Undergrad: 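One structure, pasted below without further comment.
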Amino acid sequence: MSSELSKIWLSSPHMGGQEQEFVAKAFEENWIAPLGPNVNGFEEDLQQYLGNDKHIGVLSSGTAAIHLALVQLGVSRGDEVICQSFTFCGSANPIMYQGATPIFVDSEISTWNICPKALEEAIVDRISKGKKPKAIIPVHLYGMPYKVDEVAAVAQKYSIPIIEDAAESLGSTYKSRNCGTFGEFAALSFNGNKIITTSGGGALVCHTKFAKDKTVFYSTQARDAAPHYQHSEIGFNYRMSNISAGIGRGQMKVLDEHVGLRRKMFHFYKSIFETIEGVEVFTEPDDHFFSNHWLSAITVHPELTKGISREDLRLHLDQYNIESRPLWKPMHLQPVFEKMPFYGGQVAEHLFERGLCLPSGSNLSDEDRTRIKKAILEIF
Ligand SMILES: Cc1ncc(COP(=O)(O)O)c(C=O)c1O
């Protein structure tokens, strides 16, 4: 059955049309090397979007952005960094790159993001064991803002900087303020599956020009000011290329449209599951939260669905060549991180067991939606 039907992807790149003009111009002017007008232009576009008091450095990935934030906060061997457990490994891996230890914290049920109470428990316990965490990495998962005020209050109480993982949340807001502007640093991702993409890329949002300049310095191999190559620090090859940034400039023109279309997918699933008992669509807890609904996600409760599980639904959709994916497997349950400390209960674990992400792309058609709806209604 599936081979006859075109694939419906979870979240595929969606070009707006103007990307090629920026890329073509880079070719015409031979700005193929990293750096160049598109890099500066893309940074300016992002600054305009997030607020002109921000200073942004575009990089090769969101993971690189988190890494350079850790570098600038002086995280090094033997340090501890708190990280939301319920996330993609890109949030946590850079802690390991620095030789530090991730301390994982559970989520709370209304935003699926870091639980402020468990966060404070973790901080108090780590301090009592002799080490104050050097940074906190909360995540706006699937575009849903975390409890920004509550998390900031805990961070301030213990004077620990926040690295905001906004990889999935460009276009989301909390109390009308943009996600990506709350932390001491914030990381954005333009990976191929994100709300806008540069085929691969990321950005570090900084609060000072000094921090942005440092970001550029570290991302271009930490070159000292000298006519020859001179290095006093270890750097990285993390800068975004002028070609990728050209795609980014074109994508910025359709970002708001993409947010509207992703939210349309969320409302589409809301209307389908309204009448299906035992399936909940991940929804903003109140009006303070505005999610870009990068991915629409549901939890399936087999005790209420006559036994139909998340996995039954996933395999059923797969038969129709419709991609869906279990929610992120929490980091504290990953083999590579299983020895790392964890604070909290089983919120993230239960979400992983029952949760599913559904096709959410801004490029899905009415025909795609009809197919998805038919397949969902068939199994329920
Ligand atoms: C929550 C989260 N953090 C970090 C990353 C890392 O971003 P990148 O893939 O651009 O390195 C991603 C996405 O891929 C992500 O979803």
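The structure presented is a predicted model; accordingly, all values stated were derived computationally and were not measured. When a ligand or atom number is given, it counts from 1 through the structure's own listing order.
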Undergrad: Check ligand 1 against Gly62 and write out every atom of the ligand that is under 4.0 Å from a heavy-atom position of the residue.
TA: 7 (O), 8 (P), 10 (O), 11 (O)

Undergrad: Less than 6.0 angstrom separating the ring centers of Phe282 and Tyr269, yes or no?
TA: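 Centroid distance Phe282-Tyr269: not below 6.0 Å, so no.
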
Undergrad: For the aromatic rings, using the six-membered ring if either is Trp, is the centroid distance between Phe289 and Tyr174 under 6.0 Å?
TA: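 Yes; Tyr174 has its ring centre under 6.0 Å from that of Phe289.
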
Undergrad: How does Ala167 reach ligand 1, if at all, at less than 4.0 Å between non-hydrogen atoms: by side chain, backbone, both, or neither?
TA: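 It is the side chain that gets close, since no backbone atom is under 4.0 Å.
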
Undergrad: For Glu168 and ligand 1, does the shortest N/O to N/O distance drop below 3.5 Å?
TA: yes

Undergrad: Could you tell me whether Thr63 and ligand 1 have an N or O pair separated by under 3.5 Å?
TA: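 Yes; the residue has a nitrogen or oxygen that sits under 3.5 Å from a nitrogen or oxygen of the ligand.
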
Undergrad: Examine Phe86 together with Trp328 and report whether their ring centres are nearer than 6.0 Å.
TA: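 Phe86 vs Trp328: aromatic centres not under 6.0 Å.
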
Undergrad: Within a distance under 4.0 Å of any heavy atom of Val139, pick out the atoms of ligand 1 and give their elements.
TA: 1 (C)

Undergrad: Which protein non-hydrogen atom lies closest to atom 12 (C) of ligand 1, naming both residue and atom, and how far is it?
TA: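 Result: Phe88 CD2, 3.4 Å.
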
Undergrad: Does Arg263 come within less than 4.0 Å of Glu284, counting only side-chain N to carboxylate O?
TA: yes

Undergrad: If you draw a 6.0 Å radius around NZ in Lys214, do more than 12 non-hydrogen atoms from other residues or ligands fall strictly inside?
TA: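 Enclosed: over 12 neighbouring heavy atoms sit under 6.0 Å from NZ of Lys214.
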
Undergrad: Using heavy atoms and a threshold below 4.0 Å, how should the contact between Thr87 and ligand 1 be classified: side chain, backbone, both, or neither?
TA: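 Answer for Thr87: side chain.
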
Undergrad: Report yes if some N/O of Asp165 lies less than 3.5 Å from some N/O of ligand 1; otherwise report no.
TA: yes

Undergrad: Nearest heavy-atom pair of Leu10 and Ser324: which atoms, and what distance?
TA: CD1-CA, 3.8 Å

Undergrad: Out of all atoms in ligand 1, which are within 4.0 Å of some heavy atom of Ser189? Include the element for each.
TA: 7 (O), 8 (P), 9 (O), 10 (O)

Undergrad: Gly201 near ligand 1, heavy-atom distance under 4.0 Å?
TA: yes

Undergrad: Step by step, would you call Arg325 with Glu323 a salt bridge (Lys or Arg N to Asp or Glu O under 4.0 Å)?
TA: CA-CA 7 Å; Arg325 188 169 302 149; Glu323 187 185 26; 3.0 Å; yes

Undergrad: Mind checking whether Trp328 has an N or O less than 3.5 Å away from an N or O of ligand 1?
TA: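 For ligand 1, there is no N or O atom that lies under 3.5 Å from one belonging to Trp328.
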
Undergrad: Does Gly202 come within less than 4.0 angstrom of ligand 1, counting non-hydrogen atoms of the residue?
TA: no

Undergrad: Please determine if Glu28 and Lys25 form a salt bridge, counting it only when a charged side-chain N lies under 4.0 Å from a carboxylate O.
TA: no

Undergrad: Considering non-hydrogen atoms of the protein only, which is the closest contact for atom 13 (C) of ligand 1, and what is the distance?
TA: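 Protein heavy atom at minimum distance: Lys194 NZ, 2.7 Å.
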
Undergrad: When clusters are formed by joining ILVMFWY residues with side-chain heavy atoms under 4.5 Å apart, either directly or through shared neighbours, do Leu119 and Ile127 land in the same one?
TA: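 Cluster IDs for Leu119 and Ile127 match.
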
Undergrad: Any N or O of Ala64 that comes nearer than 3.5 Å to an N or O of ligand 1?
TA: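 So ligand 1 has no N or O lying under 3.5 Å from an N or O of Ala64.
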
